[in-house]
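Got a structure for you, written out below as structure tokens; questions coming shortly.
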Amino acid sequence: MATDPKSAIENALRAALRQEAPQFADAPIVLERPKQAGHGDFSSNVALQLAKMLKKNPREFANALISQISLDIVEKPEVAGPGFINFRLKAGSKTGAIRRVLEEGRDYGRARQAQPQKMQVEFVSANPTGPLHVGHGRQAALGDAIAALLEWQGHAVTREFYYNDAGAQIENLALSVKARANGVRPGDAGWPEEGYNGEYIEDIAREFVAKDGDKTNLDAIRQFAVAYLRAEQDVDLQAFGVRFDVYYLESSLYAEGKVAGVVKAWSDNGKTYEQDGALWLRTTEYGDDKNRVVRKSDGTYTYFVPDVAYHVTKWQRGFKKVINVQGTDHHSTVTRVRAGLQALKLGIPQGYPDYVLHNMVKVMRGGAEVKISKRAGSYVTVRDLIDWVGRDAVRFFLVSRKADSEFVFDVDLALEKSEENPVYYVQYAHARVCSVFAQWGGDPGSLSGADLNRLANPRELTLSQRLAEFPELVATAAREHAPHSVAFYLRDLAGEFHSYYNAERILVEDEALRAARLALCAAVRQTLANGLSLLGVSAPEKM
RNA sequence: GCGCCCGUAGCUCAGCGGAUUAGAGUAUUGGCCUCCGAAGCCAAGGGUCGUGGGUUCGAAUCCCGCCGGGCGCGCCA
């Protein structure tokens with residue numbers, strides 16, 4: 001079992017620091033991988049960081065530190081530039097990662113948690129009033145990947161979908177379907193003021209009538225329409241490869257009295273007041289810029305009350321960490337929900353819950369923005385995208401950018417020139433390795449005994465090092481809720497593999513060298529597969 | 001007007017407070033298949049990191065102003 005070289009170096013530096021500058025023994029130690037090969041494999045700037053506070057010359061201090069270090073996995077450390085300490089790994093210690101990947105297999109990159117926490121990621125949470133649009137697609141891809149990242153960090157993660165099935169928009173849905181069922185079309189007299197105009201309304205109306213539905217029974221229509229759309233969304237999510245553990249219905253919060261309970265608790269805590277016939281919550285006491293109405297003068301609650309009630313259940317269900325994935329257009333709710341939770345005085349932490357807010361998705365095709373979908377009318381649906389470019393491409397694309405960046409989804413890039421699609425580049429690397437193994441025909445299990453010291457050329461060592469980075473990359477991506485870094489890593493890894501593959505032959509005559517190269521390839525394949533699975537993208541053996 | 005986010009190569013985007021050339025992809029140009037998959041590789045050109053200050057030994061990165069863009073500022077959800 002090889003120790004991870006990076007932590008070994010870090011430990012050695014820490015020990016040296018304890019000797020040379022005990023007062024900073026706990027200072028953060030940053031080890032980065034230099035861009036330029038000439039600067040070694042790892043580089044640290046601790047000496048520069050601490051020199052000022054120590055009132056010492058950075059280079060002298062760096063020299064003092066390295067005089068304390070003796071590690072058998074690296075050559076002698078060097079002081080460079082203004083005071084960087086550069087470490088160059090001995091060739092043998094670079095390939096350790098290969099063995100580790102092969103040993104851990106599908107678990108390579110996973111961390112064990114001494115005390116796993118219950119966590120929850122809430123995402124999509126689309127109202128059952130229409131098909132899922134591209135924004136939901138981005139949320140689905142992001143949320144699912146974030147959930148996977150947290151699972152890989154050893155936590156118990158629940159994927160949850162919240163259905164706003166109790167609000168006014170459901171009423172509008174029912175009215176729209178009823179109007180359609182009775183032959184009233186958008187624009188006609190009698191069409192609901194805030195009705196839904198998409199063609200899917202017509203579909204629902206037709207099916208409702210076909211089932212001998214009573215065209216005057218609004219309750220029956222509402223039930224039918226919600227069930228219809230929920231089923232349709234489920235089909236889309238399934239096609240997208242996203243599965244939820246819990247579907248939470250807003251209506252159940254009312255049914256169980258939780259909404260009224262929240263308002264009562266606020267009142268009991270003295271956080272509310274009456275004004276203009278409405279009941280207000282003093283959210284300004286918790287960072288909001290104005291107080292908010294919680295019970296309207298007509299006696300109904302504003303939408304954010306059930307939202308708070310919902311989050312109380314998350315806390316009470318034991319989720320210590322909750323991440324809500326939402327569009328930035330909802331960012332004003334963040335402060336409100338947190339304030340509402342604080343005002344209950346239930347001991348819920350101040351920053352609860354966490355949010356990942358994502359920007360909007362713009363779909364481009366043929367050089368122009370696509371805004372119209374045949375099904376939905378006013379927006380492009382997830383189904384449209386999957387139909388156009390396939391599930392893997394959609395998922396990879398949608399997580400391959402930071403959540404807060406505006407996303408331009410270029411259908412032409414993914415469709416007409418599909419070979420230039422980044423996801424194929426990564427999948428192709430995986431398929432290539434598979435192909436080599438098929439050609440070879442040997443038993444992969446036999447590779448565990450390969451002499452990895454035979455791997456000496458720079459491309460092999462670079463690849464090995466890249467493999468070694470994966471677990472830390474996953475950990476960082478999980479901590480920062482940033483699955484896009486996994487996508488970038490995979491591209492880099494695939495790129496280095498393609499270069500290697502082009503420059504060197506794997507299936508050489510020399511048996512020992514062949515075994516070593518195959519071991520490296522097997523590790524690359526495994527790491528690619530693990531990374532792709534994190535993103536919900538398949539790793540095909542042939543394409 | 002106020003709040004949050006964004007502004008890096010023609011286009012789409014990475015970039016951890018650090019070391020002469022700021023990175024990918026794509027697009028453009030020129031090479032590489034008697035050889036394990038050319039959906040690939042190699043090479044070239046292309047950037048005052050929106051702008052003006054400040055902090056620092058050092059700023060694309062941190063702080064402030066300005067310009068440009070997005071989103072939000074309901075007894076809507």
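Sequence lines set the chain letters: A, B, ... in the order given, protein chains first and strands last, and positions in each chain run from 1. Note that the structure is a prediction, hence the values are computed from the model and not measured.
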Would you classify A:Tyr428 as touching base, sugar-phosphate or nothing, given that sugar-phosphate means primed atoms plus P, OP1 and OP2, and contacts are heavy atoms under 4.0 Å?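 Base contact - A:Tyr428 has a heavy atom under 4.0 Å of at least one base atom.
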Quiz question: going by heavy-atom distance under 3.5 Å, is there a donor-acceptor pair between the base of B:A77 and the side chain of A:Thr333?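 Answer no: no donor N or O sits under 3.5 Å from an acceptor.
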Looking at A:Tyr163 versus A:Tyr248, is the centre-to-centre ring distance below 6.0 Å? no
Just by distance, do the side chain of A:Trp280 and the backbone of A:Lys271 share a donor-acceptor pair under 3.5 Å? no
Taking N and O atoms by type only, does the side chain of A:His331 place a donor or acceptor under 3.5 Å from a partner on the base of B:G3?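 Check passes, donor-acceptor contact within cut-off.
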Mapping A:Tyr301 and A:Arg432 to their closest nucleotides on RNA chain B, which lands nearer the 5' end? A:Arg432
Choosing from B:C13, B:C36, B:C75, which nucleotide comes nearest the side chain of A:Val408? B:C13
Would you indicate whether A:Glu285, at its atom CD, is surrounded by more than 12 heavy atoms from other residues, nucleotides or ligands within a distance under 6.0 Å?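 Count over threshold, so yes.
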base_contact_polar (B:G72 base, A:Ser332 side chain, donor-acceptor, <3.5 Å): no
Base, sugar-phosphate alone, or nothing: which one does A:Ala431 contact when heavy atoms must sit under 4.0 Å apart?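 Counting heavy atoms under 4.0 Å across all strands, the contact made by A:Ala431 includes a base.
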Can you find a pair of side-chain heavy atoms, one from A:Phe497 and one from A:Val433, that are under 4.5 Å apart? yes
Take atom C1' in B:C16 and the same atom in B:G23, then report the distance between them in whole Å. 14 Å
Can you find a side chain N or O atom of A:His484 that sits less than 4.0 Å from OP1 or OP2 on B:G15? yes
Can A:Phe84 be called stacked on B:A19 when the rule is centres closer than 5.5 Å and an angle between planes below 30°?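 Check passed, A:Phe84 stacks on base of B:A19.
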Whole Å only: how far is the CD atom of A:Gln427 from the P atom of B:G40? 12 Å
Between A:Tyr425 and A:His498, does a ring pair (Phe, Tyr, Trp, His ring centres under 6.0 Å) hold up when you go through it step by step? CA-CA 9 Å; A:Tyr425 185 82; A:His498 285 309; 4.8 Å; yes
Identify the pairs formed between an N or O of the protein and an N or O of nucleotides 42-44 of chain B at a distance under 3.5 Å, and give each distance.
| from | atom 1 | to | atom 2 | distance (Å) |
| --- | --- | --- | --- | --- |
| B:C42 | OP1 | A:Ser499 | OG | 2.6 |

Please give the distance between the P atoms of B:G37 and B:G45 as a whole number of Å. 34 Å
Calculate the interatomic distance between A:Arg292 atom CZ and B:A77 atom C1'; express it in whole Å. 14 Å
What does A:Glu504 touch in the nucleic acid at a heavy-atom separation under 4.0 angstrom: a base, only the sugar-phosphate, or nothing?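 Touches a base.
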Which is true for A:Asp329 with a 4.0 Å heavy-atom rule: it touches a base, it touches only sugar-phosphate, or it touches nothing?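 Answer is sugar-phosphate: A:Asp329 comes under 4.0 Å of backbone atoms only.
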Examine B:C76: is either OP1 or OP2 under 4.0 Å from a nitrogen or oxygen in the side chain of A:Lys296? Give yes or no. yes
Rounded distance in Å between the C1' positions of B:G47 and B:A24: 14 Å
Any donor-acceptor N/O pair, A:Asn457 side chain to A:Arg459 backbone, under 3.5 Å: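 Between the backbone of A:Arg459 and the side chain of A:Asn457 there is a qualifying donor-acceptor contact (under 3.5 Å).
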Could you state the CE-P distance from A:Met360 to B:C5, rounded to the nearest angstrom?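 Rounding to the nearest Å, CE of A:Met360 and P of B:C5 are 15 Å apart.
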Please give, in whole Å, the distance from B:U12 C1' to A:Asp410 CG?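 The answer, rounded to whole Å, is 8 Å.
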For A:Phe84, give me all partners under ring-ring contact (aromatic ring centres under 6.0 Å, His included), at least two apart in sequence or on another chain. none
Provide, to the nearest angstrom, the distance between the CG atom belonging to A:Asp492 and the P atom belonging to B:G15. 12 Å
When rounded to the nearest Å, what value does the distance between P atoms of B:U55 and B:G70 take? 34 Å
Which part of the nucleic acid, if any, lies within contact of A:Phe407, taking any heavy atom under 4.0 Å across all strands shown: a base, the sugar-phosphate backbone alone, or nothing? sugar-phosphate
Considering every strand and a 4.0 Å limit on heavy-atom distances, what is the contact class for A:Arg491: base, sugar-phosphate, or nothing? sugar-phosphate
Let's see if you can work this out: which of B:C73, B:G40, B:C5 has an atom nearest to the side-chain heavy atoms of A:Asp404?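 Ranking B:C73, B:G40, B:C5 by closest atom to the A:Asp404 side chain puts B:C5 first.
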Between A:Glu504 and A:Arg517, does any NZ, NE, NH1 or NH2 come within less than 4.0 Å of an OD or OE carboxylate oxygen?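 Here A:Arg517 pairs with A:Glu504 in a salt bridge, since their nearest N and O are under 4.0 Å apart.
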Minimum-distance nucleotide (side-chain atoms of A:Asn359 versus B:C41, B:G70, B:G37): B:G70
Assess whether atom CD of A:Glu509 is packed by more than 12 heavy atoms of other residues, nucleotides or ligands within 6.0 Å. no
Which nucleotide in the list B:C75, B:C36, B:A24 gets nearest to the side chain of A:Val293?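 Between B:C75, B:C36, B:A24, the one nearest the side chain of A:Val293 would be B:C75.
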When the C1' atoms of B:C13 and B:A19 are compared, how many Å lie between them, rounded to an integer?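 Rounded to whole Å, the distance is 26 Å.
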Taking the same atom, P, in B:U20 and in B:C66, what whole-Å distance lies between them?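 35 Å, rounded to whole Å.
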Length of the CG-P vector between A:Asn164 and B:C76, whole Å: 16 Å
Taking N and O atoms by type only, does the side chain of A:Asn502 place a donor or acceptor under 3.5 Å from a partner on the base of B:G40? yes
Just checking A:Glu194: does its CD atom have more than 12 heavy atoms from other residues, nucleotides or ligands closer to it than 6.0 angstrom? no
Measure from the side-chain N and O atoms of A:Ser400 to the backbone N and O of A:Ala487, and report whether any donor-acceptor pair falls under 3.5 Å.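 Here the side-chain-to-backbone pair does not exist.
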For B:C62 versus B:C5, give the span between their P atoms, rounded off to a whole number of Å.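 So the two P atoms sit 11 Å from each other.
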At under 4.0 Å, does any side-chain N or O of A:Ser405 touch on OP1 or OP2 of B:U12? no
Atom CG of A:Leu357 to atom P of B:G70: distance rounded to whole Å? 19 Å
Stepwise ring pair (Phe, Tyr, Trp, His ring centres under 6.0 Å) check, A:Phe161 with A:Phe123: CA-CA 6 Å; A:Phe161 188 127; A:Phe123 57 108; 8.2 Å; no
Rounding to a whole Å, what distance do you find between A:His136:NE2 and B:A77:C1'?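 So the NE2-C1' distance, A:His136 to B:A77, works out to 12 Å.
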Let me know, please, whether A:Val508 or A:Ser44 comes out on the 5' side of the other along RNA chain B by nearest nucleotide.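 Between the two, 5'-proximity favours A:Ser44.
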Phosphate oxygens OP1/OP2 of B:C41: is one of them under 4.0 Å from a side-chain N or O of A:Tyr425?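 For B:C41, OP1 or OP2 has a side-chain N or O of A:Tyr425 closer than 4.0 Å.
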When you check the phosphate oxygens OP1 and OP2 of B:C13, does a side-chain N or O of A:Lys402 lie under 4.0 Å from one of them?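 No, because none of the side-chain N or O atoms of A:Lys402 sits under 4.0 Å from OP1 or OP2 of B:C13.
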If pairs are Watson-Crick or G-U with both distances under 3.5 Å, what is the dot-bracket string of RNA chain B, marking crossing pairs with [ ] and pairs to another strand with |? (((((((..((((.........)))).(((((.......))))).....(((((.......))))))))))))....
Using atom P of each nucleotide, how far apart are B:G7 and B:A44 to the nearest Å?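 So the two P atoms sit 29 Å from each other.
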I want to check something: taking the side chain as every heavy atom from C-beta on, are A:Leu279 and A:Val263 in contact at a cut-off of under 4.5 Å? yes
Return the nearest nucleotide to the side chain of A:Thr302; candidates are B:C36, B:C41, B:A77.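 For A:Thr302, the side-chain atoms sit closest to B:A77.
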May I ask you to verify whether the side chain of A:Tyr303 and the base of B:A77 hold a donor-acceptor pair under 3.5 Å? yes
B:C33 glycosidic torsion: syn (within 90° of 0) vs anti: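 Nucleotide B:C33 adopts syn.
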Base, sugar-phosphate alone, or nothing: which one does A:Asn127 contact when heavy atoms must sit under 4.0 Å apart? sugar-phosphate
